Structure formats: structure tokens, C-alpha cells
Number of protein chains: 2
Amino acid sequence: MKTKSSTTIRDVARLANVSIGTVSRVLNDRPAVSEKTRGRVRSAIEELDYTPNPIARQLSIGRSLTIGIIQPYITLPSYIERLHGVQNVLANSEYDLVIFNVDNPAQRNAYFKDLSYKIRVDGVLIVSLPPSDEQVEYFSKARIPIVLIDAYHPKMFCIIADDVKGARIATRHLLKLGHRKIAYLSDYVDSPFHPSMKYRFLGYREVLKEAGIPFNPAYVIEGPRGRTNAQAMAKQLLELKDPPTAIFAACDTQAIGVIDAAQEMGLKVPERLSVIGYDNIPDAAYHNLTTIDQSLQDSGARGAQMLLDVLGDPKKSPCTQYVNINLLRRKTTAPPPS
Amino acid sequence: MKTKSSTTIRDVARLANVSIGTVSRVLNDRPAVSEKTRGRVRSAIEELDYTPNPIARQLSIGRSLTIGIIQPYITLPSYIERLHGVQNVLANSEYDLVIFNVDNPAQRNAYFKDLSYKIRVDGVLIVSLPPSDEQVEYFSKARIPIVLIDAYHPKMFCIIADDVKGARIATRHLLKLGHRKIAYLSDYVDSPFHPSMKYRFLGYREVLKEAGIPFNPAYVIEGPRGRTNAQAMAKQLLELKDPPTAIFAACDTQAIGVIDAAQEMGLKVPERLSVIGYDNIPDAAYHNLTTIDQSLQDSGARGAQMLLDVLGDPKKSPCTQYVNINLLRRKTTAPPPS
DNA sequence: CTGAAAGCGCTAACAA
DNA sequence: TTGTTAGCGCTTTCAG
């Protein structure tokens, strides 16, 4: 197949009466060009409305100048937040970002394998998808820098939040307010796509134990993500003979669903029911939701920056950075009704 | 800069004792290769764990084998639906998809301009972003096929839904049930990013007029997207001295917000208030929302298919396809309270 | 400071 | 059926 007859570096060279080498030099802002010829080349470029072919450039320099991000559920607010963080730092780099959305485990595995050949990117960010040891093997064969965000593996670069700690903070907050009947509502605790759920649950249990509160399985409910689902689950909790006075929801979207349920049942929040979420998505502020802020944007930004660093210095060895976590007291938590 | 020392077609050729031409042939499934050598090449490929460099291939064949999709708000359910449609058809093609997310008009304009040079894609899908005549000029300079989804321009390939018609259907449905006090709740009618809003509003007004119902500005409210915002807006509507008996929300997310409001105020749906949405997003089924189905997935799929067709036959001339629209009666509409 | 020329890894005539 | 070779459009030595 014949290639598009677009203007090439050669056309520019001809018009400016220089060699293609020189054009390339001005294209890449190399110093070794006299101002005079540089000017001539510039106008030629202008006149021809020339723009370099990135593919040729990539082949020549041996890099694709794009980095990939593999993440599940691009539609969830928390993922979007992190994505924004990534985009912000990449915007100032020479790299483009391409998004690989993962809808199911098979797809995830496919991408992970493809990393070693098909996907030609210079680096990749993997979000919330903890790789198995075997997969880490694939990765090392791929020989491209990878950083994990919201997932951990000892042999890889990681940006993580300490979910156990966050959950502890949330639970303690409720405890300090005087609650004893604290329920935990979350996404499936063992979901391969939401590894944090497990750790948040751990933090919750730990603190309860510390406080000498016996674990009550009836106070734990898990189910699919989504505000509406959470509403239904919360309702179940609130219809117990001995309902909780506080609910810790493992993510803000679910916390908002809990508020819906309370409202539906005529329970004032926080007077009759305290609700605390996790993530601090934008909507949380709107609902005045007390929550755990885990610097979502920042985690994306730092992941991207870390990748850029590794790209700049491939000899760096794996390390993990922790993201800040803190309690954001807003208006949905208060002492329990007396 | 030195290129990665990855294995190339030459290594395979050497190992299999053939020329690189032959390797290329088996790589591309060309017939003119004896089964014997084909086998030899295959094992060499296997043994070396070789995978062709797509960038080199792209440069050679003069195509990037990727198509771009420019769309606003990748986070909204309706966009995700369309995206799935696109991905489904592209999955069976030789093309990769890269997503360009638009957050604001400046970004949109940048992408539109870049189309003519920076973004090297073989074709692009533009969703919900009606181009100006001037922009269509840029596009023609870009010389790559473009199809518009959910947007119209006479000189371009388009996949659209007749929003006026959809709104008519919705409004008539309410009318037939006996409603006379029908409110309209929507995203900003003049949003540059949601052109359909304008048409849906038109359909609503038309039908009211036909029915001889005077237009009541108090029954029209617009505001930012989002379930929670819609809830607040609906509340306003329902607190009027003479509240509507039915609300037509211009998108499902907002319709769900309306249901929230009704619930908050203790108004049974549909007994006391009828609600109809638009789009038929997955959540709509969950809420039993009566709505207008506009085949979102299908619109994405057809757009992608149309683009593939043009890519296959560049001489095709612009045409526009309409997507199916129909009323989905579920449980949120009923005759008005007597 | 500038030009010539050798690749980057692959495809696609053209010969053999 | 296979090998040879000339590009694709750019970057980057290496001379001059």
C-alpha cells in the first residue's frame, strides 16, 4: 500500500535549501544550527504546514513515547480521580497516555501478557491490579518499567495507601464518638479488582478487637459496587432487630447509598446514624460526608512521576511510596443517639 | 540513542535459515510459502519468543493501525455504553483504539486542530461534539476519515439519534396517561457538550403545543448533570404551589435523581409522580425507570463499523445513519393521581 | 555549522 | 517458492 502523500522532512529541506540533517536538528532544538538557517527552516516548515511523522521518529529513536495505563472500571469516580492525577503530570512530559480498560480477569491477564510484546509502550502504570508472582515474571521479560498504583508487590515500584491504617482511623473516629455498634459495608472483600477492600476490613476488625468489642458478623455486609446496591444493603443492616448506630462504608459511593437508605427510612444522619466513607471522591463533599481522604489525584500524579523517573534512569531499583491518608470530618458523623 | 536489543525479524530469519522476506510473509500469512519453511519459521519465532515491532510495521505500511475516539466525560454511563459498542466492533478488527478525553472546550479545540497533524491515527470517532464549519475545514485538511457519533454535520459521516422524536415519544406517553402538568428537567439546554439537550427540549415543547397545553416556564428547570443535582432540582419543581404530576428528565441519571427527590418528600412513584428518563443506561433497569432507549451500544458499534467501512473504501461519500429509538415502559409512569 | 550516509525493523516489489 | 533490495520518515554519527 502506498503511503499518504504528506509532506516530509525532505520537502522542508528542499524548500529551505539545507540537508534533512539540518531540518532534523531544528526540529529537535539542537543548538548546532546558525540562527540564519534555523530561521529559514522554520519558515519552510510554516509554509508547508509540515509536521513530523511521529512513527518514523519513534522507530528511529527506538521509543514509542507513549505510556500505557491498565486499570479496571474507568467509570468509577475514584479511578477517574487518579487518572486526572496521571494526566496532569504526563501533560508536561513528552509522553502520550493510552488507556487500557479492564472489564474482567481474562482481559487483565491478556494485557499483562501482551505487555511483553504486543503493547509497545515505553512504560506502564497498573492500577489496582495486584500481579501474581508469575505475572511479575512476564513483566520482567517485557523489560519495560512498570509502576503499580494501589497495589503492591515487593519486586516492583509501587504507590500505595495504607488501607489498614485508613480503616483504623475511620473506625477509631466512630469509636471515639461513642459508637459501639459499628457496621461495615463494602464491596466484595475478596474481589480481585479491589484489593483494598480486604485491608480496610482488617483495619476495622483490628480496632474493634482493641476496643474489646466482639465481632458481630451480622454487622458486616458486602455486595456489588454502586450507590443503589449499597442503599439496599444498608437497609438490611438498619432493619436488624439491633441495628448499628454507625456504618463504615468502604467507599464513598457506597456511603452515599447508605445515606440514601437512612433517608428512605426516615433516620436522620448523623443524629440517628453516623456514616463514614472512604476515598474522598468529589461527590463526598457535596453530601457533607465524613470520609478518609487518600489523596487520589496525588497517587496518580506520584505514580506517573515515579514512572517518568524510572524512564529517565532505568537503573533505579524498586521502591514503594506511601500516599497520605487522613480523616476528613464533615457532617455525617456524631455521637450515637442516647 | 541505542535501540532496545530486542529480537528482530533478522534474528528469526537467521535461526530459521531463510530470508527476512520469507519471515515477513509468514508473519503476514501470505500464501506463497511452503508448509515446510513456514513451519521452520514458526518454530524459530516461538523459540526466540519473537514479536514484530509494530512501529516498524506501521512506518512501512504507512498506517498507524489505530483509531482515535474523542469524547467528553468518559465517566458518564451513557458514554461508557457507547464506548463498549465501539470496542466490541474494533476488537475484531486490526485497529487499536485510543481514547482522547475532553474535559473542556479548549481541549476539544486542541484535539480538533491536532487532528490535522499531531495525532497520527488512521481514523477518528468524535462523540457528542458537533464541529463548527471552520473545524470541518481542519478535518478535511487532516485527510483522515472521521465519523461523528451523536452529532451532525452535513459534510460528515454521522450516526445520530433523532432526539426531537425521542422527546416527542416520551412526552406523548405522559400525555396519553392523562398528565397535563408535565415538567422538563435537564442538563443545560445550551451546553456545547450535550447538543441533544436542545433537541429533546424542542420535542417536549412541540408535543405540549400540539396538545394545546400552554408552556409553563416554571415547569422547566436545568442544571448540572449528576444524580444529586437532579434531586435538588426536582425538589424545587415538586415544591411549587402547583407541582407537576410528571417529570420528563432529559437523561436517566437525572431521572434517578428525581426519584430520589420524590422518595425524600414521601411521594410515591408512580402513584403520585410519574418519571420518565432518557438513554436507557444500565442503572435504569435497576430503578425500573420508564425511559427512551436510544440504543447507545449500537450507536457506538455502528459508528465504529462505519469508520471501518470508510477506511476500507475511502471514496465513500458522507452519509448519516439514524439509530433506533423506542419507549421502554417500566414502572415509573402511570396515570396522574385523580 | 552543515551535509552525507547509515541505520531503526519492517513490507513489498522484483528477480531468480 | 524464495531471496534481494529499495524504501517508509526520521535521527544521528562522522566528515568536512
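Because the structure is predicted, anything quoted here is derived from the model rather than measured. Numbered from 1 within each chain, the chains take letters A, B, ... in sequence-line order.
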Is the cationic atom of Arg108(B) (NZ for Lys, CZ for Arg) positioned less than 6.0 Å from the six-membered ring centroid of Tyr111(B) and within 45 degrees of its normal? no
For Pro77(A), side-chain contact (heavy atoms from CB on, under 4.5 Å) partners two or more places apart: Thr253(A), Ile281(A)
Show each protein N/O and nucleotides 4-7 of chain C N/O combination with a separation under 3.5 Å, one pair to a line.
residue, atom, partner, partner atom, Å
dG7(C), N2, Ser60(A), OG, 3.2

Let me know the distance between [atom1] of [X] and [atom2] of [N], rounded to the nearest Å.
| X | N | atom1 | atom2 | value |
| --- | --- | --- | --- | --- |
| Leu27(A) | dT12(D) | CG | C1' | 14 Å |
| Arg10(A) | dG9(D) | CZ | P | 8 Å |
| Gln58(B) | dC8(C) | CD | C1' | 14 Å |
| Arg14(B) | dC10(C) | CZ | P | 12 Å |
| Asn17(A) | dC1(C) | CG | C1' | 16 Å |

For DNA chain C, what residues of residues 30-46 of chain B have any heavy atom nearer than 4.0 Å? Arg30(B)
Indicate the ring-plane relationship of His194(B) and Tyr79(B), choosing parallel, tilted or perpendicular according to the 30° and 60° boundaries. tilted
Partner of Leu125(B) under side-chain contact (heavy atoms from CB on, under 4.5 Å), chosen from Ile70(B), Ile159(B), Val86(B): Val86(B)
Touch check for Val18(A), heavy atoms < 4.0 angstrom, all strands: base, sugar-phosphate only, or nothing? sugar-phosphate
Would the number of heavy atoms belonging to other residues, nucleotides or ligands and lying under 6.0 Å from NZ of Lys155(B) be above 12? no
Indicate whether OP1 or OP2 belonging to dT11(D) is found under 4.0 Å from a side-chain N or O atom of Asn28(A). yes
Nearest-0.5 Å distance that lies between atom CD1 in Ile55(B) and atom CZ in Arg57(A): 11.5 Å
Answer yes or no: is there a donor N or O on one side and an acceptor on the other, between the side chain of Asn104(A) and the main chain of Ala106(A), under 3.5 Å? yes
When you measure from the side chain of Ser295(B) to the backbone of Asn324(B), do you find a donor-acceptor pair of N or O atoms at a distance under 3.5 Å? yes
